[in-house]
Amino acid sequence: MIYLGVFFFCFLYLYSVEKKKCKNFFIQLIVWSPAILIYFLPIAFQKGVGTDYYTYYDYFYNNEHNFYLNKNEFIYYYIVEASKFFNIPQLQFVLIGFLQTLLFFYGIFYLKRYNIPSWLYFVLFFLVTGIYHNQMNGIRQYVALLFLPIIACLCFERKYLKSLSLIFISTMFHFSVLLPACFILFLSFIYKKISKKLIFLIFFASIFFYYIDWSSTIFDFLQSKDYIYANYQESDFNESKTFFDLFLKFISLPFIFVFWFFYLKKNTFNNNILKNEESFFNYMVVIWALTHFIFLMSLHLGMANRIYLYFVIFIIFPFVYIYKQSKRIFFLMILMYFLFYFLKVTFFAKNEYLYYFNGAWL
């Protein structure tokens, strides 16, 4: 039930202060501070949430986090070292939770310039993407993931030096973020050349592309280059998914069809602000459309699900587009997602959706 409390408090608070817009991020943090605190606490003081908690927790005792130093994931390594220095095993989760919270709310702050309300982004992030829960399990990957919307915004604004700097920093948490980050950077150069109709066709063609079994080809390539990920071929990380595992990923399809209906309609924009907003959504839609069905690859290549998770956050933007076109349809969609979410955190709660609080060291 704690998750429902976090959801309703943050949603209602962000909605109530939506009109209080600040140009400075740190002032905005003060305005948002009650929601930030409630968002942060469950992440920081979790205990045994998900499957990987004790693996990370035990790094405090067994020094196996040295592996990440060899992978150049320096920041995570030194977070564990800080936990050891202060002799507080839970401290790494507090520090990681702080970074995840800071990146999330900075992303919200940045996106407000494109007329995306903070409460709207929060609701979609919480109910649709599942990232709030998953970040308690894959703590390194989800810090890296939360850089991506900010990197995408900087790429759209052609602030490439800043975007490359953030890409470099994000790899120090989880090196695998390099692939999706470079893909996002590449798309910033070509998205204007891709028409709405073409991206619509590519979106549905990608179903067949991602369904093909590429596993042998991918691992042959990784082994030929002697990449570390070639070692994952026989590991648990590469365990294939079943259609039953992926079932819930298809519940968005009716609303995706609604999005395409609205998106392909001809719109006219009367001023530069709206034209810039349209261009921004076009870029985000291209990122989402080219990657949405990557999860189908995990039927043959379990590792592909890790890549898909980096892009799942971009489904927020088509759904924001629906909100701007039809609030009635949007609220119907949110009601459906909330019902699924309610069941996941109550009657069917398990793994990341079953919460335990760690207050032993307080």
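Each residue takes its place number in the sequence, starting with 1.
Within 6.0 Å of NZ on Lys192 lie no more than 12 heavy atoms contributed by other residues, nucleotides or ligands. Around atom NZ of Lys162, no more than 12 heavy atoms belonging to other residues, nucleotides or ligands sit under 6.0 Å away.
The aromatic rings of Phe200 and Phe204 sit perpendicular, their planes meeting at an angle over 60°, well past the 30° parallel limit. Using the six-membered ring where Trp is involved, Phe295 and His292 have ring planes that are perpendicular, over 60° apart on the 30 and 60° scheme. Ring-plane geometry between Phe125 and Phe104 is classed as tilted, the angle between the planes lying from 30 to 60 degrees on a 0 to 90 degree scale. Note on ring orientation: taking the six-membered ring where Trp is involved, the planes of His65 and Tyr59 are tilted (angle from 30° to 60°). The aromatic rings of Tyr341 and His133 sit tilted, their planes meeting at an angle between 30° and 60°. Between Phe156 and Tyr283, the ring planes are parallel. Angles under 30° get that label, and only those over 60° would be called perpendicular. Under the 30°/60° scheme for interplanar angles, the aromatic rings of Phe280 and Tyr114 are found to lie parallel. Classification of the Tyr76-Tyr56 ring pair by plane angle, with boundaries at 30° and 60°, yields perpendicular. Ring geometry, Phe311 versus Phe314: the interplanar angle falls from 30° to 60°, so the pair is classed tilted.
Here Tyr53 pairs with Gln90, Asn358 under the side-chain hydrogen bond (donor to acceptor under 3.5 Å, both in side chains) rule; sequence neighbours left out. The side-chain contact (heavy atoms from CB on, under 4.5 Å) check on Thr346 picks up Met1, Leu4, Phe342, with sequence neighbours excluded. Not a single side-chain hydrogen bond (donor to acceptor under 3.5 Å, both in side chains) links Gln100 to another residue, sequence neighbours left out.
No side-chain heavy atom of Ile256 sits less than 4.5 Å from a side-chain heavy atom of Pro318. At least one side-chain heavy atom of Val94 sits under 4.5 Å from a side-chain heavy atom of Phe40. Side chains of Phe93 and Ile43 form no contact here, defined as non-hydrogen atoms less than 4.5 Å apart. When side chains are defined from C-beta on, Ile79 counts as touching Leu99, because their heavy atoms get closer than 4.5 Å. Side-chain contact between Thr55 and Asp58: absent, with no pair of heavy atoms (C-beta onward) separated by less than 4.5 Å. When side chains are defined from C-beta on, Tyr353 does not count as touching Asn351, because their heavy atoms never get closer than 4.5 Å. Counting heavy atoms from C-beta outward, Lys47 and Tyr54 have side chains that approach closer than 4.5 Å. By the 4.5 Å heavy-atom criterion applied to side chains, Val31 and Gln28 are counted as neighbours.
The two atoms that bring Leu185 and Cys155 nearest to each other are CD1-SG, 3.6 Å, heavy atoms only.
The CD atom of Gln141 lies 10.5 Å from the CG atom of Leu146; values are rounded to the nearest 0.5 Å. Separation of atoms CG (Leu264) and CD1 (Ile199) is listed at 11.0 Å; rounding is to 0.5 Å. The distance from the CG atom of Leu145 to the CZ atom of Arg140 is 13.0 Å, given to the nearest 0.5 Å. One finds the OG atom of Ser83 at 6.0 Å from the CG atom of Leu95 (value rounded to the nearest 0.5 Å). In this structure, OH on Tyr142 lies 8.0 Å from CG on Asn137, to the nearest 0.5 angstrom.
Annotation: cation-pi pair Arg113/Tyr110 present, NZ/CZ under 6.0 Å from the ring centroid and within 45° of its normal. Both tests hold for Lys84 against Phe60: distance to the six-membered ring centre under 6.0 Å, angle to the ring axis within 45°. Cation-pi contact between Lys327 and Tyr323: present, with separation from the ring centre below 6.0 Å and deviation from the ring axis of at most 45°.
One N or O on the side chain of Glu18 and one on the backbone of Ser118 form a donor-acceptor pair closer than 3.5 Å. Of the possible polar contacts, one joining the Asn62 side chain to the Glu64 backbone as a donor-acceptor pair under 3.5 Å is found.
If you look at Tyr39 and Tyr132, their ring centroids are closer than 6.0 Å. With ring centers used as reference points, Phe105 lies 6.0 Å or more from Phe25. Between Tyr321 and Phe262, the ring center distance fails the sub-6.0 Å criterion.
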Q. Stepwise, does the side-chain hydrogen bond (donor to acceptor under 3.5 Å, both in side chains) test hold for Tyr310 with Ser176?
A. CA-CA 10 Å; Tyr310 279 118; Ser176 66; 2.7 Å; yes
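For the pairing with Tyr337, the side chain to side chain contact (heavy atoms under 4.5 Å, CB included) check across Val128, Val123, Leu124 returns one residue only, Val128. Checking Phe122, Tyr13, Phe338, Tyr15 one by one against Phe8, the ring-ring contact (aromatic ring centres under 6.0 Å, His included) holds for a single residue, Phe338. For the ring-ring contact (aromatic ring centres under 6.0 Å, His included) criterion with Phe203, the lone passing option out of Trp260, Tyr210, Phe257 is Trp260.
In the model, Thr171 has no side-chain atom that pairs as donor or acceptor with a side-chain atom of Glu73 under 3.5 Å. A side-chain donor from one of Asn282 and Tyr263 sits under 3.5 Å from a side-chain acceptor of the other.
A salt bridge links Glu278 with Lys196; the closest basic N to acidic carboxylate O contact falls under 4.0 Å.
Phe85 and Leu91 end up in the same hydrophobic cluster when Ile, Leu, Val, Met, Phe, Trp and Tyr side chains are linked at under 4.5 Å. Phe209 and Leu253 fall within a single hydrophobic cluster, where Ile, Leu, Val, Met, Phe, Trp and Tyr are joined by side-chain heavy atoms under 4.5 Å apart, directly or via other members. Hydrophobic clustering, with ILVMFWY side chains joined whenever heavy atoms are under 4.5 angstrom apart, keeps Leu343 apart from Leu339.
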